[in-house]
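Reviewing the structure listed below.
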Amino acid sequence: MRIEDKIKELIVTALTKSQGMNNDEINEVGLELSRNKNNEHGDFSSNIALKLSGKLKRSPMVVAEEIINSIHVSDELERTEFVKPGFINFYLSAEKKHSVLEEITSKGKAFGSSCVSEKKKILLEFVSANPTGPLHVGHGRHAAFGDSLARLLRKSGHEVFTEYYLNDAGRQIDILCVSVMFELLLLEGQKLGQVDGLYKGSYIKEIAGGLREEGVAINKKISLAKASGSDDEIVDALILEFKDVAGDELFQMVLEKTVLQMTKLLKDDLSDFRVRQDGFYSEKSLFSEGRIEEACGIIKKNGNAYERDGALWLESTKYGDDKDRVVIREDGRSTYFASDIAYHHHKKVRGFDLLINVLGSDHHGYVSRLEAGLASTGNKVSDLEVILMQFVTLYRGKKKIQMSTRSGNFVPMRDLYSEVGVDAARFFYVSRSHDQHLDFDLELATKQNNKNPVYYIQYANARIKSVIKENEKRGYLFDEALGKSNLGKLKLPIEEDIISLLGKYPETILKSSNSREVNKIANYLKSLSQLFHSYYGSTKFVSDEDGLRNARLLLLKCVSTVIEDGLDILGVSAPTKM
RNA sequence: GCGCCCGUAGCUCAACUGGAUAGAGCAUCAGCCUUCUAAGCUGAGGGUUAUAGGUUCGAGUCCUAUCGGGCGCGCCA
């Protein structure tokens, strides 16, 4: 039984004894026990007297005193007290507090694991950027967050499968293909003007160059003359013309090779950033496997679809959307939305309890539609959880860098992490809450990479490793048993603070996991490191006194275990030397 | 116009989800290496938590309005 629950039990019996309350009445008020921020008010506190005072028509201080007088103090508690507004504080015995260190020593990195009460099978989808260019710094935030969230959810006990939805069908891919063919024609010596709507990055030229080396050739005359109007209209005309002139077979061949190349590019961008995607789900497969028709069949069968103006509409307003949405267009082609309905339905069919999507905040208007899609295929809306990621604004010094994928005018995430390092980039990305805008100053990140908080944490761990090494160098062998039996000698206030914070690691994992706030882990590690550095500055660890020395080394090893485990969740390395 | 998100020290962010005196880093100033790594430590200054009301024992956190910033409202993806 956890100590929290024991204390709660003590309060409940005290309430029945002193106030004559039964369990129902207590539940109605709500019994809370919170862990204290700073130790000056004890380890745990309860606000129950404050909550009851109105009901009982007596001052909170009086109620608190009555409760405390009926509390039977167990030997795990040092003492209890009631204080100013009406809080009741609980102080744990030194022995009870120190037991955390023994727990960490025996469990190692499993300390704080599997703390969640209901284990779920989760599909976590993130990044899912169109394979039309390298991932940029905005995607970097999604990648770092998504991957860390996956690690956090796993740590807390869930089963997680990460997935990248690959848009390998549709207009954007046609444009990508035309862009490559366009370059190929230029390589073949054909003189062509400028077309604004096409992808321009160097990677397009590389793919075209590679195709030419493989012997792929178009060798047909393309005239841009037919195309006129807006960028979009010109591009659409070009797609038709290229399909016509090159022929379907050649077009499909170039398209497939291009998508393959682009996907490899994305996978490398991610894996070099230590981001693991367990699967890449092909949009194209939704067509070839007949999943779109299947999904349309289901929404029709469920009475959620109707035909109007030659198109098939989903009655999404039934499920809270602003208006109904087209699923199959007048010309018979399905919409992007249709793909999403089919995709998300298939996620459920594959047996996942919970679907988490990490989306850019610009997609928030799309959320109710996704929910409607899920509901209309007979799934629960609550099975979908969307995490909206705010934008990254990139600066170089004071200057804002504007980004656009199509023009190739963006900063690839690879440039960012090769410049500042994977550790610093990942930490910086996840140390801000996802609903907060993120200003990323490249100049600052490069110039000050030594001052990045991630080094502060890594340095704390490296220092501990160094102390352990020094201990051995001086001929002292670490004696775990001796350390354990001397934990009572850890009496410095800073030692008590560290032990107390270590004890909060499991609940930090649990809370961050439940609220999907990876940044809480980063903040926790900063606090722990700060305490350690302060401890380091004021205390000599390698001393002649065997008992104290081993107790302190045990404490340091526990700090190191937790730091390494926490950094692991963030996907940041923990060097032993810096 | 309607809807969603955000507003905390000069800058970048915390604050355990409604708790006790709102905390760190950067920048500024003053100290600390004969001693386990100075990528560190110790101290100082810096705030009407955008503004105005409200809810209650108690509000940075919840509700309303206003101001300011970001984003979204296609048979696009």
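Bear in mind that the values here come from a model prediction, so they are computed numbers and not experimental data. Throughout, a chain's letter reflects where its sequence line sits, starting with A, and its residues are numbered from 1.
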Open item on the list: For His142(A) together with His139(A), are the ring centres under 6.0 Å from each other?
Closed with: no

Task: Pair Tyr429(A) + Phe145(A): ring centers closer than 6.0 Å - done: no

Between [N] and [M], how far apart are the two [atom1] atoms, rounded to whole Å?
N       : M       : atom1 : result
rG69(B) : rU12(B) : P     : 16 Å
rU34(B) : rC13(B) : P     : 39 Å
rU21(B) : rC63(B) : P     : 24 Å
rG23(B) : rU8(B)  : C1'   : 11 Å
rU61(B) : rG54(B) : C1'   : 15 Å
rC5(B)  : rC62(B) : P     : 11 Å
rG68(B) : rA30(B) : C1'   : 39 Å
rC29(B) : rA20(B) : C1'   : 32 Å

Give [X] one of three labels, base, sugar-phosphate or nothing, depending on what nucleic acid heavy atoms sit under 4.0 Å from its own.
X         : value
Glu330(A) : base
Lys577(A) : base
Tyr456(A) : sugar-phosphate
Asn514(A) : nothing
Asn130(A) : sugar-phosphate
Val83(A)  : base
Thr576(A) : base
Asp435(A) : sugar-phosphate
Lys323(A) : sugar-phosphate
Arg35(A)  : base

Task: nucleotides 29-36 of chain B: protein proximity per nucleotide (B base, S sugar-phosphate only, - neither; heavy atom, under 4.0 Å) - done: ------SB

To the nearest Å, give me how far apart [atom1] ([X]) and [atom2] ([N]) are.
X         : N       : atom1 : atom2 : result
Arg325(A) : rC76(B) : CZ    : P     : 12 Å
Glu32(A)  : rA20(B) : CD    : P     : 13 Å
Asp340(A) : rC76(B) : CG    : P     : 15 Å
Leu502(A) : rC16(B) : CG    : P     : 20 Å
Lys57(A)  : rU56(B) : NZ    : P     : 15 Å
Asn47(A)  : rU17(B) : CG    : P     : 11 Å
Lys511(A) : rC16(B) : NZ    : P     : 9 Å

Proximity to the side chain of [X] - top-ranked nucleotide from [options]:
X         : options                   : answer
Lys520(A) : rU17(B), rG19(B), rG7(B)  : rU17(B)
Gln530(A) : rU17(B), rC76(B), rG25(B) : rG25(B)
Lys51(A)  : rC13(B), rA20(B), rG19(B) : rG19(B)
Tyr459(A) : rC41(B), rC13(B), rA38(B) : rA38(B)

Is [X] close enough to [N] that one of its side-chain N or O atoms is under 4.0 Å from OP1 or OP2 there?
X         : N       : result
Ser534(A) : rG40(B) : no
Tyr336(A) : rA77(B) : no
Arg171(A) : rC75(B) : no

Show the distances under 3.5 angstrom between N or O atoms of the protein and N or O atoms of nucleotides 67-72 of chain B.
residue	atom	partner	partner atom	Å
rC71(B)	O2	His364(A)	NE2	2.9

Task: Stem regions touching RNA chain B, defined by at least 3 consecutive Watson-Crick or wobble G-U pairs below 3.5 angstrom - done: B:1-7 with B:67-73, B:10-13 with B:23-26, B:28-32 with B:40-44, B:50-54 with B:62-66

Open item on the list: Would the base of rA20(B) count as contacting Ser45(A) through its side chain, where contact means a donor and an acceptor less than 3.5 Å apart?
Closed with: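 Side chain to base: pair found, below 3.5 Å.
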
Open item on the list: Could you go through Ser148(A) and Arg426(A), starting from their C-alpha distance and side-chain angles, then the distance that decides it, and tell me whether this counts as side chain to side chain donor-acceptor pair (under 3.5 Å)?
Closed with: CA-CA 9 Å; Ser148(A) 294; Arg426(A) 285 198 59 142; 3.1 Å; yes

Do [X] and [Y] have a side chain donor and acceptor closer than 3.5 Å?
X         : Y         : result
Tyr336(A) : Gln172(A) : no
Asp544(A) : Tyr476(A) : yes
Gln458(A) : Asp423(A) : yes

TODO: For side chain to side chain donor-acceptor pair (under 3.5 Å), just list the numbers for His363(A) and Asn357(A), CA-CA rounded to whole Å, side-chain angles, deciding distance to a tenth of an Å, and then say yes or no.
DONE: CA-CA 11 Å; His363(A) 286 71; Asn357(A) 286 18; over 6 Å; no

